Every structure is written in structure tokens, then in C-alpha cells.
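Structure, as C-alpha cells:
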Number of protein chains: 2
Amino acid sequence: MHSPAIRISSQSLQVACSQCNLRELCLPYGLHSDEVEKLDEMVGMRRRVKRGQHLYRAGEPFESIFAVRMGFFKTGVILEDGREQVTGFQMSGELLGLDGISSESHTCNAVALEDSDVCVIPFSRLEHLSREIESLQHNFHKVMSREIVRDQGIMMLLGSMHAEERLAAFLLNLSQRFTTRGFSPSEFHLRMTRQEIGSYLGLKLETVSRAFSKFQEGNLISVQQKHIHILDIPGLRRILRKQD
Amino acid sequence: MHSPAIRISSQSLQVACSQCNLRELCLPYGLHSDEVEKLDEMVGMRRRVKRGQHLYRAGEPFESIFAVRMGFFKTGVILEDGREQVTGFQMSGELLGLDGISSESHTCNAVALEDSDVCVIPFSRLEHLSREIESLQHNFHKVMSREIVRDQGIMMLLGSMHAEERLAAFLLNLSQRFTTRGFSPSEFHLRMTRQEIGSYLGLKLETVSRAFSKFQEGNLISVQQKHIHILDIPGLRRILRKQD
DNA sequence: ACCCGACGTTGACTTGGATCAAACGGCTCG
DNA sequence: CGAGCCGTTTGATCCAAGTCAACGTCGGGT
């Protein structure tokens, strides 16, 4: 079931939150500089995860959460019949592993979709430090809450939207997240397969492909394999609104 | 759009976590008795919400989370076209309002499905106290994480299960939660309509109704309107496994 | 006690997306 | 440079669930 013994290349390189260009997206947001220095001590090490490798696997004991510094991940579970169900995609500045807190073991797999770096944040240290630093505590609570809101948004998408509406929502969401990170809102490279998009959106890969083609016909986007160019953001939004 | 000016009956009656029979399901879990006493001060008041009334509405400023002491709630949002999308059902010992932390305003509506009591937990006080009480902090983090895991479970259900599988999962989940609360695992009263179940499960009410009938034909359950008697729990589980 | 309206069931028909199948494009690796 | 494979596209067909419609049932209010 598991892929044949992939060794996880894991190297610790010291990094400082205070130097990180993601600090406004991540846990240090709004902290004073002396507080950020304490964070630096907490985030002991960085870990490099190559494309295709696991950051963690479902069932492994939970010890740390991870902040994506660079790269792109998917999270998901493998169902009994071998099918994969994707539960999310994470990009730089986003946290991974929050699901593991409740049961003290990871409930899903996290796989890098491109060569990536993460900050390893030992959870007990995070709890300890957020008892000292009020705004760190509050940031962390907000991040967890945002994850809940995000998941509920997807529940809504899965519960009440049609294939094209789902894909439009997906593209707009990616676009928005790329924008926040200073990339182009309209042109980007998908790091996941049609299959993975489909799994995430509750659709089959053929349906995803057809919806892409349909959008292209309507001059809403131009697709070339994994390269996406959004030509008409308002048009995509209109598709979303249609029945939601 | 809103129902005609329903007045929320809200009365404060002092209650103590230390006396509450739900403390093992709720935030006080595992706390020492002196710590639970501090919790008592935090939970300033109880609020009574009558069937059909809102505990809070989407858009209202977020100040407190709520613990259900008694009763039954649904959470959901109203979509532009007036349709309701249900995002969850909450029973005694469960927390409501966690989604509001991230944006500092509630992102959904919470409505009582039967006359209910909740404990009002001012969030800033909870954060303050969990900086003092390590196990309270940890409990709270676990509760939030559990909510994330729960939502992801529903994403999986919505993304990859058929109507009957969804309903089986729903019934088994309810059964399990009633059991935890000391009620019968096999016999209970649904407090929500077919419409609400359908909205939650991403199905139309007719489909829910048909699935109930199908289960009844197969002697898995007996349904009489809102009264459910589960006759064959392993049988329901087998339906779940079938394609998941 | 009765009526009304909300909720639930069931049947007939339609349809969006799944499934099955075939062909193509673009990497990677020998 | 060519072979092979993975991922993608597109077409044809099928089926689970949605839609529309009619009827049944329960419970609350006068």
C-alpha cells in the first residue's frame, strides 16, 4: 500500500521567523520583535520535503505542526479500497497538521507536490509559548478557526454546487491565495493532477477535464495542461453565483 | 428573509461547571477541582434558547463561544437564493461558535431545534484563563482540532459516498453521540426535518426519505416520522463500508 | 374536536456526472 | 532519439439522485 521505502530527506537548517518574509501570513503576525525572537527559539528546525515525499502519514504520533515556508502540499487519506481522498492543498504560510491535535496522532497524509520547505513547530512548545504571548495565542486560535471556516466552505461547495461551480470556486480560491503571496492572480501552474482536483472537489477526473474545456470554450480561462491563465475573473464569479 | 421578530428569551442563571454532569465531555475535562472553580467564574451565565430561536446569527460580532448544556442545535447559512445550507448539528457538551474566532464575527446561524440551555463563555476570558491553566488550554485546542477532523470527515462523506452510505454514516454518528451521553444507541428522536438532514448530507429531502424507507425495508431500522429505532447496527456499518 | 399548514412518503420522469473506452501529448529514462 | 508511461482529453452510454407532482399524516391552535 505504501510506496516503496522512500527516504525522507530531512535536514535541519536554522531559520528565523524574524527574517521570514512570510511572517505577516503566519503565526508571527502582529507580534512585537522581542516576541518574534522567542518564536525563533520555538521553531527549532526546518525540514525539506522533496516532491512526492510524505511530510507525515496518517497514524503517526503527533508532535509538531508545520508551517509551509516554500512549496506546495496536499493532505488526504487513503480509503480501504485504495482510492485517495484529498482533503486540502496547502501553500506557503499555511499550517499543516492541526488535525492531529485532537487524537495525538495524524489523521491524514501530507505529501509535497513540489520540492518544499517547512518549519517544524513542536506543539508542546507552541502551547507553552502561547501561554506567555497573548497575541501568539490569539493568532493560533484564529488560524484554527480559519481552518474550520475553510472546511465548512468546502462542505457547502460539496453539498450544493454543480461541477462547474465547484471548479470555478476552486480556481478563484487558488487565484486569491496566489495574490496574497504576491504572485499573479491570473496566471499560475497547477501542482496537482486532475485526479487530485477531482478528489478534492468530489468529482471524477473526466468531469474536471471537461469543465476546464468548457471554461476554455467560454473564454473564461486558457488551459495548457497544468498551466492556467484566467482570462475573466468576473465571468468565473458569475458561474459561482449562478446557483449558489 | 428573517422570521418575524422573534424575541430571544435570555435569562442568566448561575451554574457551576463543577456541578455540571457534562464536565467530562466539555472543557473542564481532566481539570483539578480548584481549576474547575476558576472556570466557574469564567462561565458567567447560562442562556435559554427556545425551539426555533437563534442563538446567534451570521454577521453578528463574535464575543463568546457557547457550550450546549441541554438541547439540540443546528448551524447553517442562508444562501443568496434563500436556500439553507446546514453545516452541523450540536448536542449537549458540544461547543458552538468556534468559526467566529477567525473573523471576529459569526459566520453562520445557530438555531435551537428544541428548547435548549447553553453556557455563555466569553472568549477573551477563555483565552485569559487558558494562559493560566495548561490543561484547559490543551482541552480547548483538542476541541478545535476535533472540529476540524469532524468537518474533514464530512468532506469525505460528501465527496465520495452515495446517498444511503451518507445516511448510514449520519445515523451511526448520532447513535454514537447519544451513547456517549448515556442515551440509547438504538432508539432516538430526530430533532431535525428531512430537509435539514438532506441539506447537511448534500441530498434532497426526497432522497433522504427514500433512503429511510429502503433501510426500513431491509430491516436495518424502523422509522416512524422522527422516531428512529436502529435494529441492525452492523448492517448499517456494512452499508458504509460497501463503497468507502 | 376540527382544521390548517408543515412535514413526510411515494411514483414518474429527467438529467448531471459517473463509467467505459479510445486516442493523444508530453515527460522521463534507457 | 525513441519507447513507454502517466496524465489528459473527448466521445458514447448509463445510472443515481434530482425534479415535479400528488397524496398522506401529524401536531398545534382556535
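Chain A is the first sequence line, chain B the second, and so forth, proteins listed ahead of strands; every chain is numbered from 1. Remember, it's a predicted structure, so these values are computed and weren't measured experimentally. These numbers come from the heavy atoms of this one structure, side chains and all, not from hydrogens, waters or symmetry mates.
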Report yes if at least one side-chain N or O of B:Lys226 is closer than 4.0 Å to OP1 or OP2 of C:dG8; otherwise report no.
yes
Of the nucleotides C:dT9, D:dT8, C:dC7, which has the atom closest to the A:Ser209 side chain?
D:dT8
Below 3.5 Å, does any donor atom in the side chain of A:Arg194 face an acceptor in the base of D:dT10, or the other way round?
no
So among B:Arg47, B:Arg46, B:Arg69, which one has a side-chain hydrogen bond (donor to acceptor under 3.5 Å, both in side chains) with B:Asp117?
B:Arg46
Rounded to the nearest angstrom, tell me the gap between atom CD in A:Gln225 and atom C1' in C:dC24.
10 Å
Using a strict cut-off of less than 4.0 Å between a Lys/Arg side-chain nitrogen and an Asp/Glu carboxylate oxygen, indicate whether B:Lys214 and B:Glu217 qualify as a salt bridge.
no
Closest to the B:Ser213 side chain: C:dT9, D:dA17, C:dG17?
C:dT9
Given C:dT19, is OP1 or OP2 found less than 4.0 Å from the side-chain N or O atoms of A:Lys204?
yes
Among D:dT8, D:dA16, D:dG18, find the nucleotide with the atom closest to the side chain of B:Leu203.
D:dG18
Select from B:Glu206 and A:Glu206 the residue whose nearest nucleotide in DNA chain C is closer to the 5' end of that strand.
B:Glu206
Distance criterion of 3.5 Å, no angle test: do you see the side chain of B:Glu196 paired donor-to-acceptor with the base of C:dC7?
no
Would you indicate, yes or no, if D:dA16 has its OP1 or OP2 atom less than 4.0 angstrom from a side-chain nitrogen or oxygen of B:Thr207?
no
Checking only heavy atoms, does the side chain of B:Arg210 share a donor-acceptor pair with the base of C:dG8 at less than 3.5 Å?
no
